[in-house]
2 protein chains.
Amino acid sequence: MPATIRDVARACGVHISTVSRTFSAPHLVNPETRNRVLACAERLGYRPNRAARALITGRTHNIGLIVADIANPFFPPLIKAAESQARQRDYHVFVADTNEDPAVEEELVHALAKQVDGVLLCSPRMSNGLIEQLGREVPLVVINRRVAGLPAVVMDVGRGARLAVEHLTGLGHRDLVLLAGPRGSWTSREIRRSATAAARAAEARLTVLGPNPPTEEGGRAAAERVRRTGVTAVLAFNDLMAVGLLEGLDALGLRVPEDISVVGIDDIALSRFTRPRLTTVATPTAAAGRAAVDMLLQHGGLAATRTGRGRSDTGDDRRATAQVTLRTELVVRDSTGVAPAAPARRRLAR
Amino acid sequence: MPATIRDVARACGVHISTVSRTFSAPHLVNPETRNRVLACAERLGYRPNRAARALITGRTHNIGLIVADIANPFFPPLIKAAESQARQRDYHVFVADTNEDPAVEEELVHALAKQVDGVLLCSPRMSNGLIEQLGREVPLVVINRRVAGLPAVVMDVGRGARLAVEHLTGLGHRDLVLLAGPRGSWTSREIRRSATAAARAAEARLTVLGPNPPTEEGGRAAAERVRRTGVTAVLAFNDLMAVGLLEGLDALGLRVPEDISVVGIDDIALSRFTRPRLTTVATPTAAAGRAAVDMLLQHGGLAATRTGRGRSDTGDDRRATAQVTLRTELVVRDSTGVAPAAPARRRLAR
DNA sequence: ACTTCTGCTGCAAACCTTTGCAGTCACACC
DNA sequence: GGTGTGACTGCAAAGGTTTGCAGCAGAAGT
């Protein structure tokens with residue numbers, strides 16, 4: 001029932017190759033013919049069959065986007081931006097969710113490999129080695145991780161963590177806790193490294209607690225441990241944890257920011273609505289999504305497995321391996337304040 | 001470079017059709033042969049080419065999911081559930097975002113049509129007529145709307161609205177406002193109808209304000225108008241609006257729930273974190289996502305355009321047109337309380 | 001011993017499109 | 001007038017898979 005290139009050709013009295021060219025290489029066909037073909041196509045409601053096209057060109061005009069958890073508010077803005085950018089370039093995007101499971105991650109890359117021109121791997125939990133290997137199977141762009149030999153877009157969370165710590169020490173805090181993220185997270189390591197350095201520079205003490213699950217529950221569960229350390233300020237791996245911590249501290253009778261200051265990372269929409277509103281490090285997630293698809297497309301344009309007959313691979317292995325770094329900024333809201341005269345621990349004693 | 005069915009056949013000393021059958025109709029091949037083929041395939045890293053498969057079967061094993069705004073917190077749980085359910089059935093899902101624009105909606109259905117076995121149309125803003133027409137082009141399941149002749153899954157927001165109104169009148173409120181959603185939203189009409197009826201039954205007055213954009217800003221902007229009506233309780237089209245309203249009322253110096261009660265709809269994650277925590281109607285978004293892909297797959301199994309040679313269409317037009325309705329529930333939290341003795345308007349006057 | 005059946009495998013067409021090559025035609029140039 | 005040029009179009013192969021049909025062997029039934 002759906003019209004094919006052949007139907008259009010017949011209706012128009014031309015050969016199918018002419019119809020094909022009208023769509024894929026318009027400059028090769030006489031304007032007059034072209035218009036006639038276009039008209040017939042329009043009339044018959046013809047739409048090129050992407051599967052057939054993919055079969056012969058080897059390019060699907062699809063990309064895959066793999067994230068840990070679609071429902072985690074950090075991701076949707078990134079997904080949205082990537083999808084929009086891709087569509088502008090006439091690409092569609094498969095979105096897949098790993099449920100934070102590295103095994104699923106790998107499986108998904110495989111499942112998608114034959115069906116896309118490349119995949120965006122977001123905040124992977126896999127080992128670097130495995131990622132490199134997968135990168136040999138299908139063009140890959142990694143988000144929130146640096147992997148040797150692979151294009152990547154990362155957020156400058158190191159800077160963000162430093163700004164956060166400086167903000168806190170500037171308010172007089174001398175005793176800090178860092179709530180680390182999940183094991184295997186590149187971002188978490190980065191934050192830790194930078195926060196430690198910044199604390200040392202300001203002659204403050206920084207205790208690292210973790211790893212913790214990067215969820216609200218992870219933050220809530222950490223509240224008790226935080227209290228026992230007696231610190232006056234906390235930097236959390238992400239906003240979700242920070243928000244959970246806010247709740248946990250509240251349940252323990254500690255006031256934020258009077259008794260203890262809290263800083264998150266990500267600036268998810270939610271952080272503007274908590275009470276107190278969360279001080280946090282804004283990460284440009286939308287920009288990251290856009291940048292990632294641009295890198296994939298521009299780069300994949302060369303590297304994509306071209307199974308058509310033309311097959312002009314020019315040394316598949318040494319890929320340009322650009323890595324872009326996006327800037328983060330501190331957003332000061334209400335969850336941070338000057339260090340209390342007496343640490344929170346004392347307050348609990350009364 | 002990537003292994004094809006032919007490579008496997010050669011490595012195994014069988015005909016390609018045997019390899020094909022090993023994957024697509026295993027019961028037709030001798031267990032012994034099958035295992036040999038499987039082993040070869042494994043060894044060569046063979047993965048079936050879905051484009052080629054799609055080309056001949058006419059089934060892509062992909063589905064499209066079209067939503068108004070990925071970043072709107074109402075959608076991610078639905079997307080996640082749909083994707084997960086689809087993957088279990090060996091389907092992948094294209095996610096697309098319309099930016100609330102009906103024109104983009106239509107364009108997307110077209111763009112996806114040739115590339116998927118069906119599409120899930122979520123909270124469409126298009127006209128019913130257009131949807132019906134598109135439904136003739138590609139199998140369609142509509143979410144949050146009833147369209148004649150098309151399978152649909154809707155949430156019983158009518159019930160939710162009734163429960164909300166009864167909850168409020170039960171607390172002594174006699175003067176209510178409904179903040180309507182965007183024009184063209186089936187859900188909004190449904191809520192309005194039901195809330196009006198419930199208010200009448202309880203002998204309360206209900207004023208409808210709107211249409212409003214279904215966003216936080218929409219709620220905030222409505223605060224002033226709400227205050228002028230002097231009501232003691234508000235039901236909002238969705239949680240985003242309710243949260244915005246909370247902020248707007250706060251800015252006007254009105255306390256929730258002491259001066260005025262607020263109820264939202266959807267129970268997005270955010271509503272547990274506002275202060276006061278939002279009373280709302282929980283909609284089973286994840287279940288809706290799952291149900292929708294099930295309907296599409298089960299139904300699309302028959303209706304899908306079979307372009308292969310078998311072509312055994314049995315009366316394309318009269319499709320089974322199941323419509324499932326999911327139950328909503330009221331979740332009482334802190335944004336609702338007993339009606340104040342004097343309405344809010346008075347309080348402002350002092 | 002002959003047919004019938006069953007279980008398995010091979011054959012080849014078909015799905016729709018792209019694209020290198022070759023052919024046609026008109027026109028201009030020498 | 002012959003040759004060359006350029007613009008356009010047709011031809012046919014190729015891409016990887018599925019599937020109706022036919023073939024074949026061996027078992028079972030008569």
Side-chain angles (χ1 to χ4, degrees), chain A residues 1-37 40-41 44-61 113-115 117 304-312, chain B residues 1-37 40-41 44-61 113-115 117 304-312:
Chain A
M1 194 57 182
T4 80
I5 210 177
R6 207 172 306 271
D7 300 324
V8 179
R10 195 170 327 132
C12 230
V14 299
H15 194 263
I16 58 164
S17 50
T18 303
V19 179
S20 171
R21 275 188 276 257
T22 311
F23 291 96
S24 49
H27 60 281
L28 288 181
V29 18
N30 187 320
E32 196 180 330
T33 324
R34 193 197 310 157
N35 289 334
R36 234 176 47 230
V37 172
C40 287
L44 299 182
Y46 167 74
R47 308 205 166 248
N49 182 326
R50 294 180 81 128
R53 183 177 281 186
L55 185 56
I56 191 163
T57 61
R59 331 234 41 224
T60 60
H61 268 232
K114 266 289 191 348
Q115 202 170 184
D117 294 344
T305 352
R306 175 129 170 62
T307 65
R309 29 154 121 183
R311 185 180 293 274
S312 60
Chain B
M1 193 59 179
T4 79
I5 210 177
R6 209 172 305 269
D7 301 324
V8 179
R10 195 167 331 131
C12 229
V14 300
H15 193 263
I16 57 163
S17 51
T18 303
V19 179
S20 172
R21 276 188 274 258
T22 307
F23 290 97
S24 50
H27 60 281
L28 287 182
V29 21
N30 186 319
E32 196 180 329
T33 324
R34 193 197 311 158
N35 288 335
R36 233 174 51 230
V37 172
C40 288
L44 299 183
Y46 167 73
R47 309 208 164 245
N49 181 325
R50 294 179 82 130
R53 183 178 284 187
L55 184 55
I56 191 162
T57 61
R59 331 234 40 222
T60 61
H61 268 232
K114 263 292 189 349
Q115 202 171 183
D117 295 343
T305 350
R306 177 132 168 58
T307 65
R309 27 154 124 189
R311 186 181 293 273
S312 61

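All values reported here derive from a predicted model rather than from experimental measurement.
The nearest whole Å value for the distance from the CZ atom in A/Phe23 to the P atom in D/dT9 is 14 Å. Rounded to an integer number of Å, the gap from CZ of A/Arg34 to C1' of D/dA7 is 13 Å. Distance A/Asn49 CG to C/dC15 P: 12 Å, rounded to the nearest Å. The nearest whole Å value for the distance from the CD1 atom in B/Ile56 to the C1' atom in C/dC15 is 5 Å. Rounded to whole angstrom, the span from the CG atom of B/Asn35 across to the P atom of C/dC8 amounts to 13 Å. The separation between B/Arg53 atom CZ and D/dT17 atom C1' is 8 Å, rounded to whole Å. Rounded to an integer number of Å, the gap from NE2 of A/His61 to P of C/dT18 is 11 Å. In this structure, NE2 of A/His27 is placed 16 Å from P of D/dG6, rounded to the nearest angstrom.
Taking the nucleotide of DNA chain D with the nearest heavy atom to each of B/Ile5 and A/Gly13, the more 5' of the two is matched to A/Gly13. Nearest-nucleotide positions on DNA chain D for A/Ile16 and A/Asn30 put A/Asn30 closer to the 5' end. Position along DNA chain C of the nearest nucleotide to A/Arg50 versus B/Val14 favours B/Val14 as the more 5'-ward residue. Between B/Lys114 and B/Arg21, the one whose closest nucleotide on DNA chain C sits nearer the 5' end is B/Arg21.
A/Ile16 and A/Arg6 make their closest contact through CG2-CA, 3.7 Å (heavy atoms, listed as atom of the first residue, atom of the second, distance). A/Gln115 approaches B/Thr60 most closely through the heavy-atom pair OE1-O, 4.3 Å.
Results of the side-chain contact (heavy atoms from CB on, under 4.5 Å) test with B/Val37 over B/Val14, B/Asn30, B/Ile5 single out B/Val14 as the only residue that passes.
Side-chain N/O atoms of A/Thr33 include one lying less than 4.0 angstrom from OP1 or OP2 on D/dT9. Considering only side-chain N and O atoms, B/Arg6 lies nowhere under 4.0 angstrom from the phosphate OP1 or OP2 of D/dG16. Applying the 4.0 Å criterion to OP1 and OP2 of D/dT19, one finds that B/Ser20 has every side-chain N and O outside that range. Here A/Thr57 does not reach the OP1 or OP2 of D/dG15: none of its side-chain N or O atoms lies under 4.0 Å away. Contact annotation: A/His15 side-chain N/O to D/dT9 OP1/OP2 distance is not under 4.0 Å.
If you check every strand for non-hydrogen atoms under 4.0 Å, A/Ser17 touches a base. In this structure, A/Tyr46 reaches the sugar-phosphate backbone alone: every heavy-atom distance under 4.0 Å involves primed, P, OP1 or OP2 atoms, never a base.
Once rounded to the nearest 0.5 Å, the distance linking SG of A/Cys12 with CZ of A/Arg34 reads 13.0 Å.
Checking D/dG16, D/dG10, D/dT18 against every side-chain atom of B/Thr4, the shortest atom distance belongs to D/dG16.
The shortest distance between side-chain heavy atoms of A/Pro26 and A/Arg21 does not fall below 4.5 Å.
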